[in-house]
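Notes follow the structure.
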Amino acid sequence: MIKPRFTGKALKNHFDYMGWMYILIPIVLAIFWSLAYSVTQYRPPEDKILSFYMVGNSMDQEKTDALAAEVAPVFPEMEEFDFMPVVLEDVNDYQNWQRFTTLVFAQQGDVYLMDAEVFDSLCADGAFLPLDGLVETDIDLSSTTRATDDDPEPHVYAIPADSLYGLFTNEYFDMRRTVLAVMVFSTNPEESVELVQWLVDNRAGEKPPNFDNLPEKKPFYPENLAIDMPGGTAP
């Protein structure tokens with residue numbers, strides 16, 4: 001029987017022609033194990049995930065993570081808290097606007113903190129859960145009480161967040177002209193309303209000394225902007 005000879009020249013030729021395999025194999029294995037881990041990793045069901053999206057100025061994810069950790073003891077039945085900032089300061093920021101509308105159209109998120117002008121555009125299409133009598137507050141709710149295309153009876157659809165100064169001092173979020181609203185597609189409506197109540201109770205705070213000196217907040221979008229929601233268009 002002929003025995004193969006492993007000479008230096010033979011090995012050199014082998015690595016010259018087949019060396020790519022030794023690079024490719026670890027990469028393929030790494031991808032395989034990554035996919036296998038992603039598939040088998042435990043993911044809580046939607047009704048065990050409480051989501052809160054703060055739509056507005058850029059802010060540190062660590063701030064929303066800290067807020068989630070503060071809220072977590074209030075909701076021991078929840079397994080995950082998806083709290084995150086959604087940067088959207090101007091409608092002309094098309095990339096972030098697309099991200100925001102994708103979240104809404106994909107029915108992601110339970111509670112949104114958003115600009116009142118965006119709320120106005122989405123509310124007519126029935127995007128929000130009525131909050132009549134569900135949140136105890138002294139905040140004037142007249143600006144967020146209205147009828148919708150689906151329900152001619154006026155209801156409270158959001159809580160104005162202008163006076164929740166703790167959002168400014170604790171999370172460095174510009175809450176001027178913003179509202180808190182629960183999405184109608186929320187898989188956790190009761191917990192979402194409870195989260196809104198918690199924010200109203202725990203993020204009121206005192207007005208910061210420099211608050212009145214902040215630059216004026218410009219209108220969010222021009223009058224001719226329309227947001228297409230599933231089932232209709234809001235002017």
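Because the structure is a prediction, the values reported are computed rather than measured.
Remark: Glu62 CD is loosely packed, at most 12 non-hydrogen atoms of other residues, nucleotides or ligands lying under 6.0 Å away. Within a 6.0 Å radius of CZ in Phe211, other residues, nucleotides and ligands contribute more than 12 heavy atoms. Within a 6.0 Å sphere centred on CG of Asn210, other residues, nucleotides and ligands contribute more than 12 heavy atoms. Shown here is Gln95, whose CD atom has no more than 12 heavy atoms of other residues, nucleotides or ligands within 6.0 Å.
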**Prompt:** Leu67 and Glu171: side-chain contact (heavy atoms from CB on, under 4.5 Å), yes or no, with the steps?
**Reply:** CA-CA 8 Å; Leu67 178 62; Glu171 279 76 49; 4.0 Å; yes
**Request:** For side-chain contact (heavy atoms from CB on, under 4.5 Å), just list the numbers for Asp82 and Phe52, CA-CA rounded to whole Å, side-chain angles, deciding distance to a tenth of an Å, and then say yes or no.
**Result:** CA-CA 6 Å; Asp82 181 21; Phe52 176 41; over 6 Å; no
**Message:** Walk me through whether Ser142 and Asp140 qualify under side chain to side chain donor-acceptor pair (under 3.5 Å).
**Reply:** CA-CA 6 Å; Ser142 59; Asp140 182 5; 3.0 Å; yes
**Request:** Go through the steps to decide whether Phe83 and Leu195 satisfy the test side-chain contact (heavy atoms from CB on, under 4.5 Å), and finish with yes or no.
**Result:** CA-CA 12 Å; Phe83 283 29; Leu195 174 59; 4.0 Å; yes
**Request:** Tell me, with the steps shown, if Met84 and Leu103 meet side-chain contact (heavy atoms from CB on, under 4.5 Å).
**Result:** CA-CA 12 Å; Met84 71 175 186; Leu103 286 171; 3.9 Å; yes
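Glu206 and Tyr165 get closest at one heavy-atom pair: O-CB, 3.5 Å. The nearest pair of heavy atoms linking His155 to Tyr157 is O-CD1, 3.3 Å. The two residues Pro44 and Glu79 make their nearest non-hydrogen contact at CB-OE1, 3.6 Å. The two residues Leu129 and Pro189 come nearest to each other via the heavy atoms CD2-CB, 4.0 Å. In plain terms, the two heavy atoms of Pro160 and Ile139 that are nearest each other are O-CD1, 3.5 Å. Here the closest heavy-atom approach between residue Arg176 and residue Leu214 is recorded as NH1-CB, 3.7 Å.
Taking 4.5 Å as the limit, some side-chain heavy atom of Trp198 sits within range of a side-chain heavy atom of Val71. With contacts defined as side-chain heavy-atom distances shorter than 4.5 Å, the pair Met54/Leu167 qualifies. Side-chain contact check for Val200 versus Ile159: some heavy-atom pair is nearer than 4.5 Å. Leu164 is not listed as a side-chain neighbour of Thr178, based on a closest heavy-atom distance of 4.5 Å or more. The side-chain heavy atoms of Phe75 and Leu50, taken from C-beta on, include a pair separated by under 4.5 Å. Looking only at side-chain heavy atoms (C-beta outward), Asp110 and Val182 stay at 4.5 Å or farther from each other. Proximity of Gln108 to Ser51: side-chain heavy atoms (C-beta onward) are nowhere separated by under 4.5 Å. Annotation: side chain of Val156 is not in contact with side chain of Pro130 (no heavy-atom distance under 4.5 Å).
To the nearest 0.5 Å, the span separating CD on Gln197 from CG on Asn202 amounts to 9.5 Å. Between the CD atom of Glu190 and the CG atom of Leu134 there is a distance of 9.5 Å, given to the nearest 0.5 Å. Taking CG from Leu131 and OG1 from Thr144, the interatomic distance works out to 8.0 Å, rounded to the nearest 0.5 Å. Note that the CG atom of Asp162 and the CG atom of Asp174 stand 10.0 Å from one another [nearest 0.5 Å]. Atom CZ of Phe100 is separated from atom OH of Tyr53 by 11.5 Å, given to the nearest 0.5 angstrom. In this structure, the separation between OH on Tyr172 and NZ on Lys63 is 4.5 Å, given to the nearest 0.5 Å.
In this structure, Phe185 is a member of the same hydrophobic cluster as Val118, with clusters built from ILVMFWY side-chain heavy atoms closer than 4.5 Å. Linking Ile, Leu, Val, Met, Phe, Trp and Tyr residues whenever their side-chain heavy atoms come within less than 4.5 Å leaves Phe81 and Val86 in two separate clusters. A single hydrophobic cluster is seen to contain both Leu141 and Met175, as judged by linkage of ILVMFWY side chains at heavy-atom distances under 4.5 Å, directly or through other members. Follow the hydrophobic side-chain contacts under 4.5 Å out from Val193 and you reach Leu113 in the same cluster. Neither Val104 nor Val111 shares a network with the other; the hydrophobic side chains, linked directly or stepwise wherever heavy atoms of I, L, V, M, F, W or Y lie under 4.5 Å apart, form separate groups for each.
Taking the six-membered ring wherever Trp is involved, the centroid distance between the rings of Phe168 and Phe173 does not fall below 6.0 Å. A distance of 6.0 Å or more separates the ring centres of Tyr112 and Phe128.
Using a distance-only test at 3.5 Å, with no hydrogens or angles considered, a donor-acceptor pair links the side chain of Thr101 to the main chain of Gln98. Between the side chain of Asn170 and the backbone N or O of Arg203 there is no donor-acceptor pair closer than 3.5 Å.
No salt bridge links Lys48 with Glu191; every basic N to acidic carboxylate O contact stays at or beyond 4.0 Å. Taking 4.0 Å as the cut-off between side-chain N and carboxylate O, Arg177 and Glu117 count as a salt-bridged pair.
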